[in-house]
Structures are given as C-alpha cells and as structure tokens.
Amino acid sequence: MLASMASLIFPSLNTLPLWNLKGFIASLLLHVTISEPLYYWAHRFFHKPYLFNHYHSLHHSSPVPHPFTAGHATPLEHLVLCTVIGIPITGSILMGYGSTAMIYGHVLVFDFFRCLGHSNAEVVPHEVFNKLPLLRYFIYTPTYHSLHHTEMETNFCLFMPLFDALGSTLNTKSLELHKKITSNSGKNGRVPDFVFLAHVVDIMSAMHTPFALRSFASTPFCMRMFLLPFWPLTFIIMLVMWGWSKTFLFSFYNLRGRLHQTWVVPRFGFQYFLPFATKGINKHIEEAILRADRLGVKVISLAALNKNEALNGGGTLFVNKHPELKVRVVHGNTLTAAVILNEFSKDVKEVFLTGATSKLGRATALYLCRKRVRVLMLTSSTERFQKILKETPVDCQNYLVQVTKYQAAQNCKTWIVGKWITPWEQSWAPSGTHFHQFVVPPILPIRRDCTYGDLAAMRLPPDVEGLGSCEYTMERGVVHACHAGGVVHQLEGWSHHEVGAIDVDRIDLVWEAALKHGLKPVSSVNN
C-alpha cells in the first residue's frame with residue numbers, strides 16, 4: 001500500500017531505469033548502517049513489557065516458527081518493517097541511483113531472509129563459519145533466530161549478529177547449537193518401516209505436491225486452470241531433475257506406531273518409455289533399494305512404472321543382483337489383482353482383457369479361468385498366450401481365448417483395461433459396458449453410455465495418522481493397491497520378496513490379510 005501511494009505521489013518513480021549497479025551498492029550500505037541498527041533497537045523496545053504484551057507477543061505466539069511466522073505481526077510492527085525496508089530504497093533513489101530491479105530485489109531478498117530465519121530448519125553448514133569466522137557476524141541462520149524465540153532476551157538482530165555482539169545480547173550457545181544441529185543432520189532421524197517408491201506421472205501432476213501447493217495436494221489431483229502458468233517452470237525443473245537429481249522424500253504417515261514414507265524417483269512417466277533412459281532409471285531404483293537396506297527399512301514397494309516388466313522384470317533384477325538384501329522388495333501387484341478381481345459380480349461369465357500378457361493380465365486371466373469365467377485375451381503374440389495357457393489347469397484351458405482385434409469384444413460388457421486404449425478402441429464396447437482398469441494414466445471416460453472404474457485402490461485403516469496429502473487422483477486416506485500391498489506385506493511381517501510374476505495361489509490370501517488389518521476396497525466404501 002505504501003509503495004502504491006509513493007508511485008502515485010511521485011510519478012518519477014515510474015521512469016526509473018531497469019538496472020543500476022550503484023543503486024544495489026548504495027542500498028546495501030544504507031541497510032547495514034541504518035536499517036540493521038534501527039531494527040535492532042526497535043526490536044529490543046518491542047520486548048519491553050508494554051509493547052510486548054500489546055503488540056509483539058502475537059509474533060511469538062507460534063509454538064513452532066515457520067516461514068509464515070515472519071509476517072505474523074501487528075500493523076504497528078509492519079509499519080516499522082516498512083520503514084526498515086524503505087530507508088535503503090528511498091536513500092538510493094534520492095542519491096540518483098534508483099532502479100526497478102533494486103526496488104524489487106531489495107524487497108524480495110529482505111523477505112527471503114526473514115522467512116529463512118523463521119523456517120526452523122537449518123540449511124547453512126557450520127563449515128562455512130569455520131572457514132570464514134567473521135561471516136558469523138554478518139549473516140544469521142535459522143538456528144540463530146530460533147534461539148530468540150526460546151530465549152527472548154537474546155539474538156534481536158535483523159540479519160547481522162554483529163549488532164547483538166555490540167549490544168551484548170548475542171546468545172553464546174548460538175554457534176555451538178548451530179554446529180550440533182548441522183553435524184547431526186540426517187543421523188538421528190527415525191528410520192521408516194515401510195517405503196513406497198513412486199515416480200512423477202506427468203508435468204501437470206508434478207505440481208500436486210505438499211511442498212509446492214499444500215492445499216492443492218490435500219485434495220485428489222485433477223486439472224485446474226491455475227496450474228497452466230506454472231507449466232513452463234515445472235518443465236524446466238523436470239529438465240534439471242533429469243540432468244542432476246536423486247530420489248527424495250515426498251510424504252510420510254504413521255500407522256500403528258510404524259513410520260511409512262513415500263520416496264520419489266526423479267523421473268516422469270514418459271521417460272520410462274525412452275530406451276536410452278532405462279539404465280539411469282534402474283540405477284535410481286537400485287540406489288533407493290540399497291539405501292533402504294542400509295537404513296534398516298523392512299519393506300520397500302515399487303510403484304507403477306518402477307516395476308515395469310520390460311524395465312527390471314518387476315523388481316527381479318535387483319533381488320537377483322543383490323541376494324543379500326534384508327529389505328523385502330515387493331511390487332504389490334498381488335493385492336492389485338485381488339482388488340480388481342473382487343470388483344466383479346458373481347454373475348460375470350465373460351470378460352475382455354487388454355494388456356493380457358502383462359504381470360497383472362496373466363494373473364487376472366489365470367484366476368478367472370479357474371472360476372470358470374471366459375477370458376478374451378487381446379494379444380498379437382501367440383507365443384506369450386501359449387505360455388500362459390500352459391500354466392492353466394487342463395480342465396480350464398478352454399476358458400482362455402486369444403483375440404487380436406477389439407471387434408471380438410463387441411458383445412462383452414466387462415472390459416479389464418491393462419493397456420491404454422484410445423476412444424476409437426473404446427467404441428467397440430457395447431452400451432452398458434463397465435471398464436475396470438489397472439493402467440496409468442487412466443483411460444479417458446468418453447462413453448456416456450458406459451461406466452468407468454477407478455484405478456485399483458484401498459483405504460488405509462482408520463487409525464492412520466499424519467496423512468496430509470492425496471496420492472494422485474485418490475481421496476485422502478486412499479492409496480493405490482500396490483502401495484496397500486506393501487503395507488500388508490509389512491504388517492504381516494512376511495519375509496519373502498514379492499517380485500516377478502504374481503503367484504495366483506496367493507491372491508485370496510493377500511486379500512484376506514488386507515481385510516484383516518482394516519484396509520477396505522474403495523468400491524465397498526463408496527457403496
């Protein structure tokens with residue numbers, strides 16, 4: 001408001017040059033010589049009983065400092081801050097060195113350092129101060145300012161501890177505590193019991209993250225217009241991640257005293273289909289598994305394309321390469337198959353299956369034919385079809401039928417989609433068809449005369465704690481079935497790896513174990 005008023009009162013401000021290096025130097029000098037000491041003494045006055053009780057106590061009311069705490073203050077304090085920020089800017093302009101870049105740059109840097117000091121997360125390594133001892137008097141750290149919020153008669157400075165040293169208010173524990181926190185960073189963290197190893201789906205859903213847009217991430221993902229302006233920046237970040245990045249922690253929650261975390265491989269869905277990218281992706285997955293093993297994680301579950309058969313044989317590559325692994329590697333597809341198969345009504349006699357020779361397609365076909373359900377398996381590979389047929393009991397083999405065209409399913413009202421199908425291919429389904437699916441991303445629901453199932457998912461038990469974000473298009477508390485499969489594996493304490501082909505004989509066992517531990521299929525919850 002003050003800046004807008006100044007622009008109206010002094011029209012000359014609108015004719016300032018874009019850049020003037022002298023202006024940056026002048027504003028820095030004015031900040032150090034006027035703004036810093038002015039803020040220091042104003043801050044000390046705000047800690048006097050009357051001003052603190054009537055004004056500054058609001059700022060100190062946050063039990064845990066966080067970046068928003070920097071702006072949590074009364075109007076009087078904001079006026080003081082405006083003065084502190086405005087002096088270097090006004091001074092530089094009066095000297096004839098003003099520029100648009102200086103004005104915006106000064107305000108943004110000022111706010112950045114204010115938020116940094118209140119972030120309650122140390123990011124400045126103590127080695128910097130060991131190599132440059134005097135630097136500790138010219139830049140504060142989150143640890144330094146957090147001490148002010150616990151021991152309020154110390155560390156009053158704005159950004160430069162030099163003024164605390166001159167005013168005899170510098171907390172002597174600041175440097176020692178900073179060194180202790182940065183030295184122990186990552187050493188004493190709680191080890192997760194279970195890790196779900198995910199990947200980014202696409203550029204738009206990459207913004208559906210709790211550390212980017214927290215409120216948006218707390219609701220199921222769907223395309224929103226306000227995301228479009230962020231697309232170019234997200235695209236650039238994707239390229240940076242492709243060139244230089246590592247697997248990172250995405251979210252976490254607690255279930256029955258056990259810590260569950262989601263880690264993300266820094267790769268987007270389309271990259272999994274680039275032949276030259278597979279080696280790098282497998283390296284990321286392997287490093288994540290080995291890291292989990294070193295930490296003492298009990299189960300790590302591979303999500304979606306991270307267990308792609310063509311990529312690593314559903315995780316078999318890593319288990320065979322590292323037979324000494326203590327962490328149990330699972331693909332979770334057994335529960336995925338169970339969720340899909342338990343969606344069918346008992347009167348279904350025929351289904352049409354795409355992606356028929358994939359891991360899930362094979363298990364689905366073998367399970368259904370044992371239940372005397374006719375399965376139209378869409379595949380052009382007679383060899384792969386015959387391989388699955390040989391696994392089928394002799395008295396059930398006639399229930400598996402190889403088809404090569406979508407026209408073969410024009411009278412079948414139950415479609416199981418394991419491979420993405422186009423709107424034209426959907427047109428062969430008769431009216432009233434229900435599309436079950438285990439393909440990512442889901443197919444486009446274009447047929448108004450048909451119904452579309454969601455991706456196989458389960459709701460976590462009601463005693464889950466700390467789940468603040470949604471997993472892709474799922475409701476909060478609902479996770480993909482392969483995620484839930486890893487959770488069940490961990491809760492049951494099973495000691496085997498679950499990689500490669502799905503053991504059809506275990507589908508019912510895993511399903512019963514999931515229900516026993518309080519997990520519920522989403523379809524039954526909706527009903």
Value rounded to 0.5 Å, distance of [atom1] in [X] from [atom2] in [Y]:
X: L302; Y: E498; atom1: CG; atom2: CD; value: 10.0 Å
X: K516; Y: L519; atom1: NZ; atom2: CG; value: 11.5 Å
X: E471; Y: H480; atom1: CD; atom2: NE2; value: 5.5 Å
X: T379; Y: R362; atom1: OG1; atom2: CZ; value: 14.5 Å
X: Q402; Y: T357; atom1: CD; atom2: OG1; value: 9.5 Å
X: T334; Y: I507; atom1: OG1; atom2: CD1; value: 7.0 Å

Please indicate whether [X] has more than 12 foreign heavy atoms, meaning atoms of other residues, nucleotides or ligands, lying under 6.0 Å from its [atom1].
X: R214; atom1: CZ; result: no
X: F226; atom1: CZ; result: yes
X: F248; atom1: CZ; result: yes
X: F252; atom1: CZ; result: no
X: Q407; atom1: CD; result: yes

Student check: side-chain heavy atoms of [X] and [Y] closer than 4.5 Å:
X: E122; Y: H178; result: yes
X: L515; Y: P521; result: yes
X: L368; Y: T364; result: yes
X: V200; Y: R267; result: no
X: L360; Y: T336; result: yes
X: R374; Y: K349; result: no
X: N120; Y: S146; result: yes
X: V487; Y: F194; result: yes

Do you know which two heavy atoms are closest between [X] and [Y], and how far apart they sit?
X: T354; Y: V417; answer: OG1-CA, 3.3 Å
X: L116; Y: S119; answer: O-OG, 2.8 Å
X: L353; Y: G361; answer: CD2-O, 3.4 Å
X: V123; Y: P125; answer: O-CD, 3.4 Å
X: G500; Y: K359; answer: O-CD, 2.7 Å
X: C482; Y: S301; answer: O-OG, 3.0 Å

Can you see whether [X] engages [Y] through a side-chain donor-acceptor pair at a distance of less than 3.5 angstrom?
X: H118; Y: H66; value: no
X: T392; Y: Q397; value: no
X: Q271; Y: H199; value: no
X: Q426; Y: Y452; value: yes
X: E286; Y: H322; value: yes
X: K307; Y: N333; value: yes

Do the side chain of [X] and the main chain of [Y] share a donor and acceptor less than 3.5 angstrom apart?
X: N306; Y: I285; answer: no
X: R459; Y: K520; answer: no
X: D449; Y: G432; answer: no
X: N254; Y: G257; answer: no
X: T422; Y: E425; answer: yes
X: Q437; Y: I443; answer: yes

Could you pull out all donor-acceptor pairs under 3.5 Å where a side-chain atom in residues 227-246 meets a protein atom, sequence neighbours excluded?
residue : atom : partner : partner atom : Å
T234    : OG1  : F230    : O            : 2.8
S245    : OG   : M241    : O            : 2.3

One pair to check against side-chain contact (heavy atoms from CB on, under 4.5 Å): N282 and F318. What are the steps and the verdict?
CA-CA 9 Å; N282 274 330; F318 312 115; 3.5 Å; yes
For the pair D193 and K298, find out whether any cationic side-chain nitrogen is under 4.0 Å from an anionic carboxylate oxygen.
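K298 and D193: salt-bridged.
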Taking the six-membered ring for Trp, is the centroid-to-centroid distance between H208 and Y472 below 6.0 Å?
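No, the ring centres sit 6.0 Å or more apart.
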Test side-chain contact (heavy atoms from CB on, under 4.5 Å) applied to H126 and S183, step by step:
CA-CA 8 Å; H126 70 275; S183 298; 3.1 Å; yes
Set out, in order, the CA-CA distance, both residues' side-chain angles and the distance that settles side-chain contact (heavy atoms from CB on, under 4.5 Å) for Y399 and R370, then state yes or no.
CA-CA 8 Å; Y399 288 94; R370 294 181 185 184; over 6 Å; no
H260 and V195: side-chain contact (heavy atoms from CB on, under 4.5 Å), yes or no, with the steps?
CA-CA 6 Å; H260 292 197; V195 167; over 6 Å; no
Tell me, with the steps shown, if F250 and F196 meet ring pair (Phe, Tyr, Trp, His ring centres under 6.0 Å).
CA-CA 10 Å; F250 179 81; F196 182 57; over 10 Å; no
R372 vs D395, test: salt bridge (Lys or Arg N to Asp or Glu O under 4.0 Å). Steps then yes/no.
CA-CA 10 Å; R372 302 299 191 268; D395 60 332; 3.1 Å; yes
Should the pair R506 and W511 be classed as cation-pi, given the thresholds of under 6.0 Å to the six-membered ring centre and 45° from the axis?
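Relative to the ring axis of W511, which defines the angle, R506 lies outside at least one limit.
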